Amino acid sequence: MPVTYTPATQDQLLAIHANAGMAELAASERFAAAEPDMVEAIVEGIGQFAAGEWAPLDRVGDLTGAALDEGRVRLPDGFAEAYRHYVEQGWNAIAGPAAYGGQGLPFTLACNVLENLGTANMAFSLLPMLSVGATEALEHHGSEAQKAKYLPKLVSGEWSGTMNLTEPQAGSDLGALRTTATPIAEGEHAGKYRIAGQKIFITWGEHDLAGNIVHLVLARLPDAPAGSRGISLFLVPQYHVADDGSLGARNDVRCVSLEHKLGIHASPTCVMSYGDNGECIGELVGAENRGLMAMFTMMNNARINVGNQGVQVGERATQAALAYARDRVQSARAGSPDKSPVPIVEHPDVRRMLLRMKALTEGMRALLYHTAGQVDRGTLGDEDAARRAEVLVPMIKAWGTDAGVEVASLGIQVHGGMGFIEETGAAQIYRDARIAPIYEGTNGIQAADLVTRKLGLGDGAVFAALMEDIVRDAGEEDALADLARTCRAIGEWMRDDATLDDRLAGSVPFCTMSAVAVAGWQLTRQLRAIEGGAFGGLAAAKQASVRFFLDRVVPEAAGLKASATAGAEGLYAIDADQLAG
């Protein structure tokens, strides 16, 4: 049977303290409530809730999954009750705006809520993850009337949210979307729009857990400019909402089918059809033809939270592998005079895999909470921190999810043949993990974003300052300082001398190098916090995992320099037909 999930509470608190800098955030008036006792209560509380109520549903969610029944999506028994308890206990409202019923706490703590929920049950956690993103998009771009009508229920979690971008003919190229929005001039819906079109890959697009679903839909107005410049954002509720907040008739939107997926079976991935009967009503969010800007507010939030999923699958896989390796007895340890069989955790290569899993997971977590802390400082008006967060987002999303897949794969390897058998649960972790490098912008798109838009922030000064901070703070960790210097030099070459093709050809290894440099830096901060007397119970294990990261993962990343700077010419030495053989 799959291993029971135990929340990584102490390591999370360490990351929140050392990497997000929660004490500094709590010194502000806005986040004054985030005192140590409050933070500890939240981290411990959500960990216990996730382990107690969401983790037991993980296996049944994988085996049974979501099902479409006459246009309605049903979840296995237990999901509705667990989601209701999540809402009733206020977990969805942690970082929600206080003006609409939220607790107004730092985004860092909302990340912790999702980390625990996702480690317990990744597929289920996608439901609140999308709702939090929809809340942020409406908070920043919605009208006052839209905020008053929709935000209180989205903040509480009573209603859920979705984002609708992808269409059958328009994957990552959103400029190719065809969904239309036609203005309504008269009648009860005057001033609104009739939405018509189909969207695919819509996470939790239909379900029976929330009272209403608030769809945020990209569509084109009549005579809109071609391409991405002609996209607007619309709010399309599953059920019409009256001015007093009461629900009316169901809107003309339906789930046509559910995708059959490799993993995250309990997360309904829907094909959504809008306006089959010509009566799908939506409201414009923000300005006409500025929909991508508004949607990217939601996507930026989601990209950090998808990076969080790398931490989630890493933690779950590591716990499962450690438990199995301590129980599985096989062969004597090589070189030992005692020829009695030992648990496989004692064998050098198994120990290598386990330490790598632990080191990568803790490195991802350190990078995640450092990113979240920068987002929170941006909320407080620190423009430098806000721009640093922009640089960090593609790193946590891309490297975090790539590393999560690696850790999940290593987890299967530690289990050996039993890892390939579904009953241990190791295979599910790997299957669930594999989507994370793909959605919310593939990791190749994240790396492209880093080397095109993000490297240019402040004429390169934002990225350069990040690497300078690592060099300055590295102390005696020469390999870490050298990696940061190399990243800065490659960044300058890409920005000033490389062609666009050359930048894109080296973008993924460069993104990995940069992320590892930041993660290694943040792990050294954790060590200093422990040396200063904090979290003493983690001292021995943390010393071992950080040393593994600095001595093995950091040099590996430095070895990617050749790939990052090789340019694009070799990729096009043969044409597509020759490549196909």
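Note that the coordinates shown come from a computational prediction; the quantities given were computed from them, not determined experimentally.
- Of all heavy-atom pairs spanning Gly282 and Lys192, the tightest one is O-CB, 3.3 Å.
- A 4.5 Å side-chain heavy-atom check between His140 and Met293 finds every atom pair outside the cut-off.
- Inspection of the Asp501 and Tyr572 side chains reveals no N or O donor paired with an N or O acceptor under 3.5 Å.
- One side chain, Thr401 or Asn443, offers a donor N or O that lies under 3.5 Å from an acceptor on the other.
- Under the salt bridge (charged side-chain N to carboxylate O under 4.0 Å, His left out) criterion, no residue pair touches residues 393-402, with sequence neighbours excluded.
- For Tyr439 and Phe201, the ring centers sit 6.0 Å or farther from each other.
- Taking the six-membered ring for Trp and thresholds of 30 and 60 degrees, Tyr274 and His215 have ring planes more than 60 degrees apart, a perpendicular arrangement.
- Ring planes of Phe510 and Phe463: tilted class, angle from 30 to 60°.
- Comment: Glu390 does not engage Arg387 in a salt bridge, judged by the lack of any side-chain N to carboxylate O separation of less than 4.0 angstrom.
- Across all their heavy atoms, Val87 and Ser156 have their closest contact at CG1-O, 3.2 Å.
- The side-chain contact (heavy atoms from CB on, under 4.5 Å) search around Leu500 returns Thr452, Arg503, Leu504, not counting sequence neighbours.
- Residues that satisfy the side-chain contact (heavy atoms from CB on, under 4.5 Å) test with Leu233, not counting sequence neighbours, are Leu216, Leu218, Val285, Ala294, Met295.
- The only member of Leu221, Thr179, Asn164, Ile281 that meets side-chain contact (heavy atoms from CB on, under 4.5 Å) when paired with Phe234 is Leu221.
- Here Arg316 does not pair with Asp432 in a salt bridge; the nearest charged N to carboxylate O distance is not below 4.0 Å.
- Taking 4.5 Å as the limit, some side-chain heavy atom of Asn121 sits within range of a side-chain heavy atom of Phe79.
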